[in-house]
Amino acid sequence: MSLIKQLWLAIILILALASSGSFILSTLSGKQYLEKQLQMKNNDNAVTLALSMTQLPKDPVTLDLLLSAQFDSGYYQHIALTDTNGKVLSERINKSNKTYAPQWFVNAIPLQVDAGVAEIQEGWSQFGTLKVESNTSFAYNKLWDATIQIALWVLLIGLISCYLAGQLLKKILKPLDEVVDQAKAIGDSKFIMIKVPKTKEFKAVVNAMNTLSNRVKKTVSEESARLDQLRFDNNFDHVTGLMNHDYFVKKVNASISHEEYFNEGVMVITRILNIAEIDQKLGYKETNQLLKTIGDMLQHLCNQGPALSAGRLSGADFSVFSNQPADCYSLGTTINSAFEKVSNITGQDILVNFLTISTRVTKSDTAENIINSVHHVLDDIGNESSNSLHVINSGELHQYQDHNLQEWKNLLTSALDHNRIKLESYPVINQVGELIHYESPVRLQLATDGKWFCAGEFITWADKLNLINRVDELVLQTAINSLANGAMPIGLNISASAICNPAFIDIAMASIKNQAQVANKLYFEVPEQSAFDHFPEFRQFCIAVKALGCKVGIEHVGTRISRLGELHDIGLDYIKIDASVIRDINKNEANKTLLRGLCMIAHSIGVIAIAEGVQNDDEISTLKLIGIDGMTGPGISL
Amino acid sequence: MMFLSLFFSYLAAEGYDANKLATLAKQKYGDEAHNDFLELQQLITNLKNSTDSEKLSQINSFFNQKVMFADDIHVWGQSDYWATPLELIGLHAGDCEDFSIAKYVFLKAVNIPNDKLRLTYVRAELLENNRKVIKAHMVLSYYATPQSEPLILDNLIPQISPASSRRDLSPVFSFNDKGLWVGNSTKPKSDSLSNLSRWRDVLARMRADGIE
């Protein structure tokens, strides 16, 4: 039974006891008062009548008249005059002793009143004894009326007291509700703070809970900061803060092998030709400063678009990679001119000589191959053409690159209008091989009966044409329909523009509410970058869809591990860890440590961790040992 | 056992607590009053098996000798005050009601039934300075049987005489404590002092002195 119910019961019990107690007491005191009054009336009237009779002649007629006069003019039950031998001389009895108080009441509260007795004298000698008893029916009437009135008052006051007690109870227990909510939130691994109430006991509890909440939150963020540092040490260059060679290669390869999102990309490599000379002239410290400036510049460039990433391949070689289709020439130019600016602001009498190569990357390429061939080209060109840009066409031009914007618009609109959409199904399984959900990337058939296009092929165009929300809506509706027809749980990718669009969220909410029974089979996942770049909107989105019973996760987690702590209070269900962390996990001790820590953070905030891009059994067994909760990728099947 | 012994000691007290009365007399009024009560106690013990007329004359004489007649206004500073026997003997002064009440109480203590005793208001014709005056007076009447002529115990005339020989007195009204208390109980029904008549008032004060 809940505390509030118990308190209510206690209050009602106490009120009932108090009111029935006061009710009984007041009835009894009323009875006592009436008895006293009746007794005094009996005594006084007996004495008065006896006094009169003593003074008057004692003939039977006079005595009888006196008796009658007294009896008829007052409320009497019985008046009797007896002589000194106890013989009755005259007597009056009231035979209609009626009261409207019910008989049970009269029986329950009998009025105990004795007859008033007085002596009558005839001169010096005794004449007789007078006994007077009053009629009690009017007293019972009065007592009955008073009892009913008291009962009504007690009831009224009882009801008012109940109401007031209820209000008071609500006010007193209000902080308790908040504490309970907080406790539940901690159970859900959300570490919220609540206002400290005034009640002493609650204050202690709330302070303790707040401290606990704070401490766990702090532990989580400390842990993630430590992991971040570890990851940085392993994967990043200390001087420039850019990715180091190995990590960059791994990251590029992961992008290229991502079937859904990668269609073609661009890699730009810039070599500083006179690094040895600069080092000699400026000294170690100044050179590092220059390299750091270059690193910051490239990082700044990458931050402008989600598709770009930068790395330092060796002492003098820098690279920028775009995992989305881009113009080789313009990207190369941008980077080349950025280097030119840096070269001019060194303020020294030495200029930085560099060479930039830009090349298209296709699905059939690997990072190692491209970097190797670019190195060959760089070696060949050497110092011949300093500060210049060379564009190499390493892959064949993609056939659809030829479509112009209008053609794309027609194709996409027609596909969306005619529901030429399907969802693929790649299983995500848990430790024991059971299905968590199907990752369901979208496919659009742009031309009737033509090829099914994956997201990577059309998403850039859909974004440019403002059709992305329509795609998202259609994807969601398709998922809901198939779930309503009994499909297994589905994981959907939601774009950044969708979570930032209130209109889309409203439409999505409405569609889910229409099929409320499927809500708990819908897993929404948002890319890490989108989630953190639009954190307030992402939070809103989480609250909205979680209220309906849907699940929410973040995919491609890897570059922003340190911010995981911020997720503790949005009720996230899972994270999917980027393939770049998972790749060759069985051989990479540093990544094992990183992943172990990631899992720990995730578990401490009540989130399950899923590995993306799992390729083979070696990886699977290592991941299981590390304690990952789920896996997906080419190597995973049901 | 304890209850039983208490019960016997109560019986031995004969309706009043002689020790309490004597102690109170000593505390409030000194040795003389104390001795008077011891004497009274002795008298009561001696009278246990005597005839009614012996009891009447002894108790009557005791009070008539020990106590001087005085108006309430002189003794108590108020026109009409009903004193208890303790106060009466303690001060050795009292008026007619005080005499009658004391005699009534201690005659009951020597086992004269309540039914035979009446406190009687009488109209008394007295001679003061050779002038006839009429005064309100109270005497104690003793009825050997309900129908018989009463004997009058008065403080004005120390000798007990039959009513017929007291031509100076004419009865107005008489009463005893029958009907005052409820049923056979000797306890008053209500403890409240506010609604007591003079008679009940003095009975209650006597109870406090140890006279039941």
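Within every chain, numbering begins at 1; the chains are lettered A, B, ... in the order of the sequence lines, protein sequences first and strands thereafter. All values below come from the heavy atoms of this structure, side chains included, with hydrogens, waters and symmetry mates left out.
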### Message
Please classify the contact between A:Asp44 and chain B as side chain, backbone, both or neither, with a heavy-atom cut-off of under 4.5 Å.
### Response
side chain
### Message
For the OH atom on A:Tyr33, are there more than 12 heavy atoms of other groups (residues, nucleotides or ligands in this structure) within a distance under 6.0 Å?
### Response
no
### Query
If you round to the nearest 0.5 Å, how far is CZ of B:Arg118 from CD of A:Gln121?
6.5 Å
### Message
Can you confirm whether A:Tyr100 is buried at OH, in the sense that more than 12 heavy atoms of other residues, nucleotides or ligands lie under 6.0 Å from that atom?
### Response
yes
### Query
Near A:Tyr75 OH, under 6.0 Å, is it more than 12 heavy atoms from other residues, nucleotides or ligands?
no
### Query
Counting a contact as any heavy-atom pair under 4.5 Å apart, which residues of residues 119-138 of chain B contact chain A?
B:Thr120, B:Val122
### Task
Step through the shown structure and confirm whether more than 12 heavy atoms of other residues, nucleotides or ligands are within 6.0 Å of NZ on A:Lys41.
yes
### Message
My understanding is that only residues two or more places apart in sequence, or in another chain, count here; which of them pass ring-ring contact (aromatic ring centres under 6.0 Å, His included) with A:Phe127?
### Response
none
### Task
Can you check whether anything in residues 140-155 of chain B gets within less than 4.5 Å of chain A, heavy-atom wise, and list it by number?
B:Ser141, B:Tyr143, B:Pro146, B:Gln147, B:Pro150, B:Ile152
### Query
Where on A:Ala50 is there a heavy atom nearer than 4.5 Å to chain B: the side chain, the backbone, both, or neither?
both
### Query
Which of residues 156-173 of chain B get closer than 4.5 angstrom to chain A, counting heavy atoms alone?
B:Ala163, B:Leu169, B:Pro171, B:Val172, B:Phe173
### Query
Taking atom NZ of A:Lys131 as the centre, does the number of heavy atoms from other residues, nucleotides or ligands within less than 6.0 Å exceed 12?
no
